[in-house]
Amino acid sequence: MKKKTILRLISLIMLIIAVIFVTCALCCPTLGTTIYIGSFAFGAEQWRICYAIYIFVMVALFGASFIVKD
């Protein structure tokens with residue numbers, strides 16, 4: 001197989017796994033649990049931002065697989 005095809009396949013699998021993970025994580029009832037790191041409170045809104053960044057990175061990697069040259 002070509003390097004380009006392998007990269008696209010791997011990035012597509014990673015994107016699918018990321019979407020499944022974020023969907024499950026957002027449906028989790030403990031998403032609202034606040035974690036305290038020192039005096040900083042890491043709550044549900046911060047988790048949603050982390051998940052959005054994660055999905056954005058996975059979509060960017062999938063998109064990057066289309067511009068890779070052989």
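From a predicted model like this one, the values you see are computed outputs, not experimental measurements.
Rounding to the nearest 0.5 Å places CD of Gln46 at 6.0 Å from CD1 of Ile49. Taking CZ from Phe42 and CH2 from Trp47, the interatomic distance works out to 5.0 Å, rounded to the nearest 0.5 Å.
Phe66 and Leu12 end up in the same hydrophobic cluster when Ile, Leu, Val, Met, Phe, Trp and Tyr side chains are linked at under 4.5 Å. Grouping the Ile, Leu, Val, Met, Phe, Trp and Tyr side chains by contacts below 4.5 angstrom, directly or via other members, places Ile6 with Phe62. Residues Tyr54 and Ile20 are members of one and the same hydrophobic cluster, defined by side-chain heavy-atom contacts under 4.5 angstrom among Ile, Leu, Val, Met, Phe, Trp and Tyr. One hydrophobic cluster holds both Met58 and Ile16 under the rule that ILVMFWY side chains link at heavy-atom gaps under 4.5 Å. No single ILVMFWY cluster, assembled from side-chain heavy atoms under 4.5 Å apart, contains both Ile67 and Leu9.
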Start with the C-alpha distance between Met14 and Ile17, add both sets of side-chain angles, then the distance that settles side-chain contact (heavy atoms from CB on, under 4.5 Å), and finish with yes or no. CA-CA 5 Å; Met14 288 174 59; Ile17 291 170; 5.8 Å; no

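Nearest approach of Val59 to Leu15, heavy atoms of both residues: CG2-CD1, 3.7 Å. Here the closest heavy-atom approach between residue Thr23 and residue Val19 is recorded as OG1-O, 2.7 Å. The minimum heavy-atom distance linking Ser65 with Lys4 is given by the pair O-CG, 4.2 Å. Minimum heavy-atom separation, Ala41 to Thr34: CB-CG2, 3.8 Å.
The number of heavy atoms from other shown groups lying within 6.0 Å of CZ (Phe56) does not exceed 12.
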